[in-house]
Structures are given as C-alpha cells and as structure tokens.
Amino acid sequence: MALRDIVVLGDPVLRTVAEEVREIDDSIRALAEDMMQTMMEAPGIGLAAPQVGVSLRLITLDLEEIHGPLVNPRIIRTSKEQESDLEACLSIPEVQGLVRRPSSIVVKGLDLDGRDAVIRAEGLVARCLQHEIDHLDGVVYLDRVSDPKVKVYYPVPDADGEGAVYESELVAVEEVRRRFEARYASKAPA
Ligand code: ZN
C-alpha cells in the first residue's frame, strides 16, 4: 500500500470523463487499497480515482454505513426530494459550499470481487456517493453550488503566535476557480 498524491482543481484529469474499469485485476486492487489509505490519511470520507490522477471509474468511501471501494458505480434512481448541505473536497482544499442534491438515491456498482453491489442511500451517504460519482464525469461540487459565493478558509496566527486558527471569507465561485487554476498553472510543467 502507498499514499498517492491528491490532485487539485486545475488539473485536467478532474475535468475528464473517466473510463469504465474493464477488468478487476491486481492493479485495480492495488489502486483501491492506495485510495483507501490516501483517503483515510487526508482525512476524507470519499475519494474518486481521478483525484489521484487515474481516469478510471473507481471510488472509495469511509462512512459508518459503507467502508470500501466501489467499481463502476452508477446512479440508477434518484428521489424527487432534494436537500441542501455544505460540501468540501480534498481536491479543492479549504473551501466549503452549499449544494442541493436528491436526498436519496440507488447506486449500482461492483465490489472488488466483481460481485454486484446495490446501495440504497440517503443523507450523508447519498450526498457523498453523488459527489464522488460526479468526479467520474469530470464534475466538481463547485459546479453545483447554489450560492454565488463559497466559504474560503485561511489560517490566522493565534494570540500567542504558536498556532493558527481558521477564519473564513465569502468568495465568488468564479474567483475560487481562477485561484486554483492559476496555482495549478504555476506548478505544472511547461
Ligand atoms: Zn471531491
């Protein structure tokens, strides 16, 4: 097992529609293990393969109800009822935004042994699955936020100067996108 680098918004892999996993072989099992470790170390509650730079339809989750990988997940039913909640993403660090999504869904996929897995999810599990499956289609939650501004957190040294506390400001979604793209462009090899 190994930790993998999490790519940040601006990287084109996050805007690419990922390919189906055709065969669950050792390389897929190793990728799933690495993703689980990377997600839990981050820490995060969900991760999609494009977030570690691999354009394949594989996600991992770490929730009370589901803990593990899901191969080729697809949403086969969504509820009419929707609900709003704050979302964040390991590929868009220090940002939070309100997203409205169907409150319950049914997802079909495969486990690592190639067996069918059907998940009826609501609440946080449904939200997390939709967020991760969006990544497989090149969509990030910033594309779906309901307010024109999102919260951006930044560290401020505390009174004794030994640590930092986080404060937040509201920033326009477009500006947040621009900042991440500029940061990526300044680091990407020419
Ligand atoms: Zn994400």
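FYI, side chains are in, hydrogens and waters are out, and symmetry mates aren't considered; it's all heavy atoms of this structure. None of these values were measured; they are calculated from a predicted model. In listed order, ligands and their atoms are each counted from 1.
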Taking 4.0 angstrom as the limit, do E175 and R178 come out as a salt bridge?
-> yes
Pair D137 + R57, salt bridge at N-O below 4.0 Å = yes
Taking only Lys NZ, Arg NE, NH1 and NH2, and the carboxylate oxygens of Asp or Glu, determine whether D11 and K187 approach each other closer than 4.0 Å.
-> no
Taking the hydrophobic residues Ile, Leu, Val, Met, Phe, Trp and Tyr, and joining any pair whose side-chain heavy atoms are under 4.5 Å apart, which ones share a cluster with I105?
-> I45, I59, L61, L63, I66, L70, I75, V107, I119, L124, V125, L129, I133, L136
Can you count the protein N, O or S atoms that lie less than 2.8 Å from the Zn ion (ligand 1)?
-> 3
For the pair E87 and R144, find out whether any cationic side-chain nitrogen is under 4.0 Å from an anionic carboxylate oxygen.
-> no
Does a side chain donor of either Y154 or E169 reach within less than 3.5 Å of an acceptor in the other side chain?
-> no
